[in-house]
Amino acid sequence: MANVIVVGMQWGDEAKGKVVDYIAQDADFVVRYNGGNNAGHTVVVGDEVYKFHTVPVGALHDNVTAVITDGVVLDPKVFVGEIKGLKERGITADRMKISGNAHVIMPYHRLFDQLEEERKGAKKIGTTGRGIGPCYADKMSRTGIRIADMIDPVRFRDRLRANLELKNEIITKVYGGQPIDEAEVYAEYSQYAAAIAPYVAETYSILYRASFDCANIVFEGAHATLLDIDFGTYPFVTSSHCVAGGATIGTGVAPTMIDRVIGVAKAYTTRVGAGPCPTEQTNEIGDKIRERGNEYGTTTGRPRRCGWFDAAAVRYSAQVNGATCIAVTLLDVLSTFDTVKICTGYTVDGKEIRDFPADAYILEKAEPIYEEMPGWHEDISEIKSFEDLPDNAKSYVARIAELVETPICMVGVGPRRDQSIVLDPEMLSK
Ligand code: IMP
């Protein structure tokens with residue numbers, strides 16, 4: 001295998017978890033490098049459904065060491081609960097490693113996330129309410145609490161006190177809320193610190209050595225390119241580096257050590273929360289995709305906004321990520337449509353454009369230009385080879401590759417691990 005980054009190419013929920021799980025079969029390490037428990041990855045193995053929020057999906061495999069690195073923000077309460085839940089189902093994640101540099105999501109981050117969304121009213125971003133933005137804001141302001149701080153009782157008390165002095169002023173004087181009690185938080189989080197401390201390690205060094213020993217590392221991207229803090233549809237984005245470059249920033253593994261980037265895109269488009277989504281179908285087409293694809297958030301349960309595949313958006317993602325191939329997921333959801341549409345570009349203020357405008361205000365005005373193709377009615381969920389797919393489904397996938405200017409390496413036809421058609425195994429892992 002090699003060092004492979006798996007990255008979402010749309011607005012998240014592309015079934016990256018399934019792709020990571022598939023290639024983790026041959027991996028030694030699976031690494032989470034960005035975001036926090038705003039992510040939700042679902043993996044189906046036989047009849048068992050696993051939902052991950054913080055723990056890397058690779059934890060399901062005995063051969064894999066799961067690693068949470070510097071670029072992640074970790075909610076200790078959620079993490080400890082997730083580990084407990086996995087252990088109850090016989091999955092021990094004892095070998096997991098966590099970087100001391102990862103930032104801790106504190107109760108005031110969750111509170112500020114919710115208060116800010118309320119304050120914004122109609123202009124809200126539609127966050128997951130998990131405290132992600134405020135935690136990254138503290139990181140950048142250099143006031144955050146890192147895992148290494150939390151597991152050192154003296155440092156933790158000092159950092160917590162310094163933070164709460166200001167946060168409580170804002171909570172009470174700006175938002176008119178109740179102050180957070182330092183002693184209570186300290187006592188609760190000291191327990192989480194004790195549970196987390198055994199996992200803490202110099203993750204950059206472990207991964208550096210592993211690369212030299214030719215270990216196989218999978219970098220599990222969370223969220224997706226169009227939610228990236230820089231390359232997404234700002235301000236309707238999350239607060240981390242979701243693009244492939246985030247894997248090197250968030251882990252300390254140098255760009256020269258990366259061999260492949262697998263972009264993951266659904267055969268259609270979904271988006272959760274606010275912000276432009278040109279191909280969204282607020283009609284029976286969108287409803288049908290939502291029901292067939294069970295398009296409800298893993299983390300929040302919110303119904304997702306659904307629409308046709310946006311090739312201009314995914315081409316942009318292929319470019320900023322340097323995708324070496326694409327895994328097209330959930331193709332089975334499009335079965336039963338008489339015709340299917342692909343957006344090839346947009347009309348903005350009467351002018352045709354081919355390239356995706358990353359500026360959300362321009363994208364808001366963009367009218368999709370569609371190409372219509374014949375659909376297929378067959379159930380494709382148990383098909384095992386690309387050749388056996390209906391001709392119209394094959395043409396649809398081929399057209400995506402052409403428009404996105406990137407080869408396809410995998411096609412997903414159902415949620416189970418074995419419902420993956422691999423077109424080119426070498427592209428996935430060698
Ligand atoms: P936050 O990450 O909770 O701050 O939310 C910011 C925006 O990103 C909102 O529109 C969320 O719905 C969206 N978002 C964050 N993580 C995910 C994800 O994993 N899938 C889909 N949307 C997400």
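When a ligand or atom number is given, it counts from 1 through the structure's own listing order. The basis for the numbers below is simple: all heavy atoms, side chains too, and nothing from hydrogens, waters or symmetry mates.
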Checking side-chain polar atoms at under 3.5 Å, does [X] have a donor or acceptor matched by the opposite partner on [Y]?
| X | Y | value |
| --- | --- | --- |
| H223 | N34 | no |
| T329 | E14 | no |
| K288 | T336 | yes |

Handout entry: Aromatic ring proximity W376/Y396, centre distance under 6.0 Å
Key =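 Yes, the ring centres sit under 6.0 Å apart.
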Exercise for the section: Would you confirm whether the ring centroid of W11 sits within less than 6.0 angstrom of the ring centroid of F236? Expected result: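 No - the distance between ring centres of F236 and W11 does not fall below the 6.0 Å cut-off.
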Exercise for the section: Decide yes or no on side chain to side chain donor-acceptor pair (under 3.5 Å) for E371 and T344, but give the supporting numbers first. Expected result: CA-CA 7 Å; E371 205 172 273; T344 57; 5.1 Å; no
Handout entry: ligand 1: protein residues within heavy-atom distance under 4.0 Å
Key =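 The answer is W11, G12, D13, N38, A39, I125, G126, T127, T128, H223, L227, V237, T238, V272, G273, R302, counting any residue whose heavy atom sits under 4.0 Å from ligand 1.
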